[in-house]
Structure formats: C-alpha cells, structure tokens
Amino acid sequence: MSAVNLTIKEAKKLHHDGQAEKIHGVFDSGLLKAAVFGANDGIVTTFAVVAGVAGAGLSPSIILIMGIANLIADGISMGMGDYLGERSERRHKQHQFEIEKWEIRNIPNEEKTELIEYFVKKGVDIGEAEKLASTITKYPKLWTELGFIDEMGVVPNFDGKIWKTGAMTFLAFMLAGSLPLMPYFVEFAGFPLALSYQFPLSILSTAGTLFFVGSLRTFITKGTWWKNGLEMLVIGATAASAAYIVGALIENFLK
C-alpha cells in the first residue's frame, strides 16, 4: 500500500510540476507586470477624478467628461512612457553588452581576472574559479554574457518586442479605468439610473476591481492573494478618499 501511495504522490508531484512549467511558459512576466500595474493606475487615477468631481457636487455629465478625458490622456501617457522606458533600458543594456565584447577583444587579461573574481564572489574556490575561467574564455559569447551579468545583474535578452509592454499598459489602463465610469455611461446610454446610485455603484465596481487586480500581483510578487488584494484596495481607497475630500473642500470654499 505504501508503495502505491508513494507512486500516487510522485505522480501528483510530477503532474503539478508539469502544470507549473506550462503556466510559467504561458505567462510573460513583463507583460503580466505591465497589465497589473497599468490596470492599477487606470482604476485609481480615474476613480480619483470621479471622487473629486463627485465631492465637489458637480453633475454626472461633468464627471463623465472629465473621467473620459483623464482616461484617454493618462492611458496614452502611461503606454508611451512604458514604451520609452523599455526602449531606453534596452539601448542601455545593448550598449553595455557591446562594451563587454570590446573589453574581451582588447583587454582579455583584465576581463579574465574579473571573471575569476565573479566566481569567487559566488563562493567558488580560487583554484576552481581559475579553472572555470580558463574554460569559459574559450567561448567568447558565454564570456561576454557572464561579464554582462556581473556588471548589470540581469541576463542579456534583447529578443522581446518592446512595444508589447507599452500596448499592454495602455489596454489595461483603459479597460480597468473605464469601470468607475460605467454607472455614468449607463444613464447616457439610455438606461436611467437614479443619481443617488451612481457614485455608490462606482465605488463598488472600483473596490471590486482593485481587489481583483491586487490579487493578480501574486503572480509577480508572490505572497497571499487576498493580502495583496486588500493592500491594493486600501491604497486605492486612500487616494480616492483624499480626492473626494479635496473636491468637497473646494466646493465649499467656492460657495
């Protein structure tokens, strides 16, 4: 019986590992990160506008106009900012990679010494580090990559299309950011909704989306999904509360 149970456990473990590997292969961490943070920024900034305008006691049409304007302008800004940031980082890494290649061609002895020091820092015995370095220096591409990792702390990877993260940030921002505006869209789409329900429904849709997006951060930051969700909810609620209070204060001041 124990042998059978062990086999079952091993099979389950192998199945789990296989599934984990599939999941790891499906999700692009860069795109997932762009989606999560784009969605977070979209819903927080848009609802902050909604809360501020609602706090000032302005009409639903003003809320919708300002919300849409903010959504489009900030969405484009976020997407382009993400793209430009990725492009700058890519160019910097490529430049550093070219520097490593030049140094290996022109000052190989110094670079070999750095390679030995790299292995020693990783806990390799000095004698073994020298043997490893002597082997690796026979392969310039590998040598260059290790030098790059030592300098930059990341693996050299220039294959991805940098526009993808910018596009994902924009799409996630627009999709999540439109949710706080939905109760106001409904009325202007020909489905009357009492004014007293619009802002509370916007709060509920925003809170639910913040919690959901926050829980998705578990794929990036690990941790407990509900704690990540609550953390995002608290941050969003704090920003929205501040916007609402400021709107209300300004409205009272202008009376």
Side-chain angles (χ1 to χ4, degrees), residues 6-7 9-38 40-41 78-169 172 216-225 227-228 231:
L6 179 62
T7 302
K9 288 178 181 178
E10 288 175 344
K12 286 182 177 180
K13 183 179 185 303
L14 288 172
H15 174 72
H16 177 269
D17 291 345
Q19 290 299 105
E21 186 61 34
K22 287 179 183 177
I23 291 172
H24 176 75
V26 168
F27 289 112
D28 184 313
S29 60
L31 292 180
L32 184 60
K33 180 180 178 181
V36 170
F37 290 108
N40 173 60
D41 286 341
M78 285 287 295
M80 290 301 296
D82 195 310
Y83 167 76
L84 293 174
E86 287 287 332
R87 189 179 68 176
S88 298
E89 184 178 1
R90 170 77 65 85
R91 288 178 175 176
H92 174 59
K93 289 178 179 178
Q94 288 175 328
H95 178 65
Q96 185 61 44
F97 194 76
E98 292 301 318
I99 289 175
E100 288 297 324
K101 288 167 65 175
W102 183 92
E103 289 176 342
I104 286 171
R105 285 195 304 265
N106 294 277
I107 48 173
N109 292 333
E110 292 181 23
E111 287 299 297
K112 185 176 180 179
T113 301
E114 287 185 8
L115 187 60
I116 294 170
E117 292 173 351
Y118 171 77
F119 287 123
V120 170
K121 284 190 297 184
K122 298 296 182 181
V124 180
D125 177 76
I126 182 66
E128 292 297 321
E130 289 174 350
K131 291 179 183 178
L132 281 171
S134 295
T135 300
I136 289 171
T137 52
K138 297 176 183 178
Y139 304 94
K141 185 174 183 296
L142 176 60
W143 189 3
T144 304
E145 290 178 354
L146 287 175
F148 180 89
I149 292 171
D150 186 29
E151 292 289 338
M152 302 295 291
V154 293
V155 176
N157 182 8
F158 312 120
D159 296 331
K161 296 180 179 178
I162 57 176
W163 61 266
K164 287 184 178 180
T165 55
M168 179 61 74
T169 298
L216 291 180
R217 290 169 57 214
T218 306
F219 286 106
I220 301 170
T221 62
K222 305 305 178 184
T224 308
W225 65 271
K227 287 184 179 179
N228 284 337
E231 182 182 56

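All residue numbers refer to positions in the sequence shown, counting from 1.
Side-chain contact between K164 and E86 is absent, with no heavy-atom pair separated by less than 4.5 Å. Side-chain contact between I99 and F148: absent, with no pair of heavy atoms (C-beta onward) separated by less than 4.5 Å. Between N228 and E231, the closest side-chain pair of non-hydrogen atoms falls below 4.5 Å. Residues K33 and M168 fail the side-chain proximity criterion, which asks for heavy atoms closer than 4.5 Å. No side-chain heavy atom of R87 sits under 4.5 Å from any side-chain heavy atom of R90. With contacts defined as side-chain heavy-atom distances shorter than 4.5 Å, the pair Y118/L132 does not qualify.
Considering CD1 of I126 and CZ of F119, their distance stands at 11.5 Å, rounded to 0.5 Å. Atoms CZ and CD1, from R91 and I162 in turn, are 7.5 Å apart once rounded to the nearest 0.5 Å. Considering CD of E100 and CD of E151, their distance stands at 5.0 Å, rounded to 0.5 Å. Separating the CD atom in E130 from the OG1 atom in T113 is a distance of 9.5 Å, to the nearest 0.5 Å. Distance check, rounded to the nearest 0.5 Å: CE of M78 to CZ of F37 gives 10.0 Å.
Applying the side-chain contact (heavy atoms from CB on, under 4.5 Å) test to L216 and every residue at least two apart in sequence or in another chain returns V36, F212, F219. Looking at residues two or more places apart in sequence or on another chain, you find a side-chain contact (heavy atoms from CB on, under 4.5 Å) between T224 and W226, K227.
When all heavy atoms of A34 and T169 are compared, the closest pair comes out as CB-OG1, 3.4 Å. The shortest non-hydrogen separation linking A172 to A35 is CB-O, 3.3 Å.
Salt-bridge formation is detected for the pair K93/E89: a Lys NZ or Arg NE/NH1/NH2 atom is positioned less than 4.0 Å from an Asp or Glu carboxylate oxygen.
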List the atom pairs, donor and acceptor, that lie under 3.5 Å between side-chain atoms in residues 136-144 and the rest of the protein, sequence neighbours left out.
unit_1 : atom_1 : unit_2 : atom_2 : d
T137   : OG1    : A133   : O      : 3.0
T137   : OG1    : S134   : O      : 3.0
K141   : NZ     : E145   : OE2    : 2.7
T144   : OG1    : P140   : O      : 2.7

### Task
Could you go through the side-chain contact (heavy atoms from CB on, under 4.5 Å) check for T165 and L31 one step at a time?
CA-CA 5 Å; T165 55; L31 292 180; 4.0 Å; yes

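Heavy-atom neighbours of K122 NZ from other residues, nucleotides or ligands within 6.0 Å: at or below the threshold of 12.
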